[in-house]
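Let me begin by presenting the structure, written as structure tokens, before commenting on it.
Counting begins at 1 with the first residue of the sequence. Atoms considered below: every heavy atom in the structure, side chains included; atoms not considered: hydrogens, waters and symmetry mates. Everything quoted here is computed from the prediction, not taken from an experiment.
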Amino acid sequence: KLSVQKRRIYDITNVLEGIGLIAKKSKNNIQWTGSGMGPVCDMRDEMTRLTNEVGRLTQEERMIDDYILRMQDMLQDLSDEQQRQQMAGNSMAYVTHDDIRSIEEFRDETLIAIKAPTGTTLEVPDPDEGMDASSAAASSSSS
């Protein structure tokens, strides 16, 4: 008979199980599994995987930091330009007809400018929806 408390044996078996040297089969049945190298190899593989992931994330963080710096520079340039225009008295709060025409996306499009108070809701129906063929023909012939 061992002159050791049951609790101490329980603690020791838990540690040995944790490092992969034994496996508990049932309450009082424990199996020796070997040198414990299985979990160590698994830990090495996990360590390699995590090291690679940290490297990838570090590279991604640098790229994001670079984007942030570029955006900050662009905002600063925009702010500087606005200040220069205000000092020169050239600050514009409007868009001219030529400004709109110079935008390639609007070149062959119909563009309607509407001046309305804040909070105004404007509903514009889609001309291709909601009209039957006879209404569409009548409206196109009357135009």
Side-chain angles (χ1 to χ4, degrees), residues 4-143:
V4 179
Q5 295 176 358
K6 278 187 175 182
R7 178 69 193 160
R8 295 294 156 236
I9 292 177
Y10 180 75
D11 291 341
I12 292 168
T13 58
N14 279 338
V15 170
L16 293 175
E17 184 179 27
I19 62 173
L21 292 176
I22 63 170
K24 292 182 182 176
K25 296 295 183 186
S26 64
K27 184 177 179 180
N28 291 321
N29 187 357
I30 297 171
Q31 179 181 357
W32 180 261
T33 58
S35 66
M37 291 308 289
V40 171
C41 291
D42 291 345
M43 285 177 21
R44 283 188 195 131
D45 292 344
E46 182 69 5
M47 183 70 130
T48 300
R49 186 188 70 75
L50 290 173
T51 301
N52 291 338
E53 186 174 356
V54 166
R56 183 187 62 78
L57 290 172
T58 301
Q59 183 179 5
E60 187 175 334
E61 180 183 21
R62 284 185 191 133
M63 185 175 68
I64 291 170
D65 287 344
D66 185 50
Y67 288 150
I68 289 171
L69 286 174
R70 282 196 235 160
M71 293 299 122
Q72 287 173 337
D73 287 345
M74 290 170 71
L75 285 171
Q76 185 63 46
D77 291 346
L78 181 60
S79 175
D80 292 347
E81 179 63 27
Q82 287 175 344
Q83 287 176 358
R84 277 193 294 276
Q85 285 181 355
Q86 286 175 352
M87 292 174 98
N90 294 333
S91 63
M92 294 187 273
Y94 60 90
V95 178
T96 67
H97 181 257
D98 290 335
D99 291 337
I100 300 287
R101 288 182 49 119
S102 69
I103 299 173
E104 187 65 37
E105 287 80 10
F106 295 142
R107 182 128 321 156
D108 296 321
E109 298 292 326
T110 301
L111 188 66
I112 302 171
I114 299 173
K115 181 178 178 181
T118 303
T120 301
T121 301
L122 179 67
E123 292 185 28
V124 180
D126 185 343
D128 296 332
E129 293 182 12
M131 284 184 140
D132 59 4
S134 62
S135 298
S139 94
S140 65
S141 65
S142 65
S143 309

Return a table of donor-acceptor pairs under 3.5 angstrom between the side chains of residues 62-72 and protein atoms on other chains or two or more places apart.
| residue | atom | partner | partner atom | Å |
| --- | --- | --- | --- | --- |
| D66 | OD2 | R70 | NE | 3.3 |
| D66 | OD2 | R70 | NH2 | 2.7 |

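Judged by distance alone, with hydrogens and angles left aside, the side-chain atoms of S79 form no donor-acceptor pair with the main-chain N or O of L75 at under 3.5 Å. No side-chain donor-acceptor contact under 3.5 Å links T33 to the backbone of A23. The backbone N or O of M47 sits less than 3.5 Å from a side-chain atom of T51, completing a donor-acceptor pair.
For the atom pair CG of D11 and CG of L16, the computed distance is 11.0 Å after rounding to the nearest 0.5 Å.
The salt bridge (charged side-chain N to carboxylate O under 4.0 Å, His left out) check on E61 picks up nothing, with sequence neighbours excluded. In terms of the side chain to side chain donor-acceptor pair (under 3.5 Å) criterion, Q5 has no residue partners (sequence neighbours excluded). With sequence neighbours left out, the side chain to side chain donor-acceptor pair (under 3.5 Å) criterion links E53 to R49. Every side chain to side chain donor-acceptor pair (under 3.5 Å) that Q76 has, sequence neighbours left out, goes to D80.
Residue pairs that meet the side chain to side chain donor-acceptor pair (under 3.5 Å) test with at least one member in residues 15-26, sequence neighbours left out, are N14-K24, K25-Q31.
Closest non-hydrogen pair, I22 versus W32, comes out as CG2-CE3, 3.8 Å.
Looking at heavy atoms from C-beta onward, L78 lies out of side-chain contact with M74 at the 4.5 angstrom threshold.
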